[in-house]
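To start, the structure under review is shown below, and the notes come after it.
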Amino acid sequence: MKTEVTHAARTVKTPSPATIKLKRFLLDLKKDAFCYAFLAPFLICFLVFIVIPVVMAATLSFTSYDGFSKLHFIGFDNFISLFTQDIVFLTKALPNTFVFALIVGPGGYLLSFLFAWLIHQLPMKVRDYYTLVFYAPSMAGGVALSVVWIAAFSGDRVGYLNHFLLNMGWIDSQVTWLQDPKYLLKIMILVSLWMSFSVGFLAMLAGLQTVNRELYEAGRIDGISNRLQEVFYITVPSMKPQMLFSAVMTIVSTLKAGSISTQLTGQAITPRYAGHLIINHVDDYAFIRFELGYASAVSVILLLLSYFVMRFAYRMFNSKEEL
Amino acid sequence: MMLMLRRLRAVSPFQVVLITLFTGLALFMSLPIVFIFNHAFKPQNELFLFPPRFFVRHPTLHNFETLFLHASNATVPFTRYLFNSLIVVSLTLISVVVVSTMAAYVLAKYEFHFKQLIMSLITLSLMFAPETVSIPRYLVINGIGLNNTYLGHILPSLASPVAVFMLVGFISQIPRDLMEAARIDGAGHFGIFVRMILPLSVPAIATISILTFQGVWGDVETSTLFMQKETMRTLAFYVNSLLSGLQNNVAGQNMAAAAGLLIFIPNLIIFLLFQRRVLETMVHSGIK
């Protein structure tokens, strides 16, 4: 603001470069008015439902707010108690999310690539069927699939897994898979891996089609001797954009996963917090205890976490774009 | 030469083993899907048979009947949820396509101020999961009075960075010459958009339609958070609530089985229709 005032004072005699710039800027805006008009509907929704909520979450995280009474600022208190006093967060939510994300994220990503690559090696005619088979679980989504998991992991002997294991003689009595804190997280990981072949998987499949075939030929001449080297030195570098896109999608879907535990157990809070992920912690404080300020602090941590993981992904694929 | 090499590869014993193993794995992966189909048509007694049976023996439509009839006794009939879902999904699809394509068109084809800023915001928000900020979203929706309206279901999905991002990638491949030619023929910005960009980006539009459809059709968040009236909630929410009591409950099993299939089928049909188009689009949709 201040600089503009001084500029205005100076322009009494001759228009300074700054005013010319400003005028040109306004003219540009006018000329491109239709661009902004075309963008407007998206931008408005984008602002209202993404930018503003993120800003609000950041603000709320510094307050104590229950949704009804006045909110008052308490500085970093939420974050301090989150990292010093919240035993459930420190001993359950954080480690659980860590384990879950570390296996489901990179694991799902590598499996996606492996299967996409394998599908790509198959003859054209059958590729579509295989794609469908792998994509179907993520397409069905959590709601439809909980029918399956509940039946499969049912705690009585009618449950498919119990029945199978009892028949094989690998267990002596039925296991309550979904209620037992020992197994819940493992089952969540398994189920999430099953459903991890989603958009990113499709992007990889498409990316594989873009790899220039002549490169393989050239690579062979340059001394690439086996398939593994081929994948490393030619395939992956040629489809970096899709690999990165896929990585971003994987990270997002992994860190936001949380409904899976609720769908499996039918409870918002899993038995002894066995399947408690950060996102469940947010829901717990937001919609059960109505401590919105504290819940926001947790979600800010989650956002920051996904941001840093994302930066790591960009680094890894050596993208020009810096975030 | 290439062809010969490929053929040679195809017959190597290693490949045969690999393909067999892979097919086995694919079959294993598809078990849940096969199960959903079989489960939905099982009569009540087969659902609780011991030993449990994977495949249905005497298929029946009874489960669907119960689901639809349960409907008429309940406070909110099943058909109401279905109707809500259909309305929400179709309106969301249309608006997401129009809004995102419009935004992507100018972002891909024109230079203007703030374009870089907007693009990097979009790239950044790819990592955004609405679940992480559900509280402020709830407050925002409440604040502008969208709770218990269809708009409360629809508008949040319009902010879809993934859709815009994919469309920008696709539309930038459309040659500029085509647009120039249209401009010389007297078409305005809007004319170019309607008569050229929209038809040419059909593959990308198909892709984002599928993704949006899957997202909205299976979404329970808007129903749980923004809708307090039961009559405004969607099918996915209903099915989810049927399922959530299922662990220790026998009564709802058959309805849930049928409902699960009902949620899955539309996804499957739409994907089968557009699968090729999806891959076609994804080629252009990487992060460069």
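Lettering of chains follows the sequences in order, A, B, ..., and the numbering in each one begins at 1.
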Among side-chain atoms of [X] and [Y], is any donor-acceptor pair under 3.5 angstrom?
| X | Y | answer |
| --- | --- | --- |
| B:Thr234 | B:Ser223 | yes |
| A:Asp128 | A:Thr131 | no |
| A:Tyr36 | A:Asp32 | no |

Counting only heavy atoms closer than 4.5 Å, note whether A:Met239 contacts chain B via side chain, backbone, both or neither. neither
Where on A:Leu303 is there a heavy atom nearer than 4.5 Å to chain B: the side chain, the backbone, both, or neither? both
Top residue by heavy-atom pair count (under 4.5 Å) with chain B, among [options]?
| options | answer |
| --- | --- |
| A:Tyr129, A:Tyr160, A:Phe153, A:Phe115 | A:Tyr160 |
| A:Thr59, A:Val133, A:Ile50, A:Asp283 | A:Ile50 |
| A:Leu118, A:Leu43, A:Leu60 | A:Leu118 |
| A:Ile119, A:Val126, A:Val55 | A:Ile119 |
| A:Lys256, A:Met139, A:Met249 | A:Met139 |
| A:Ile278, A:Leu302, A:Leu202 | A:Leu202 |

With a 4.5 Å heavy-atom cut-off, do B:Phe274 and B:Ile270 have their side chains touching?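 Counting from C-beta outward, B:Phe274 and B:Ile270 do come under 4.5 Å.
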Are A:Glu217 and A:Arg213 close enough for a salt bridge, meaning some N to O gap below 4.0 Å? no
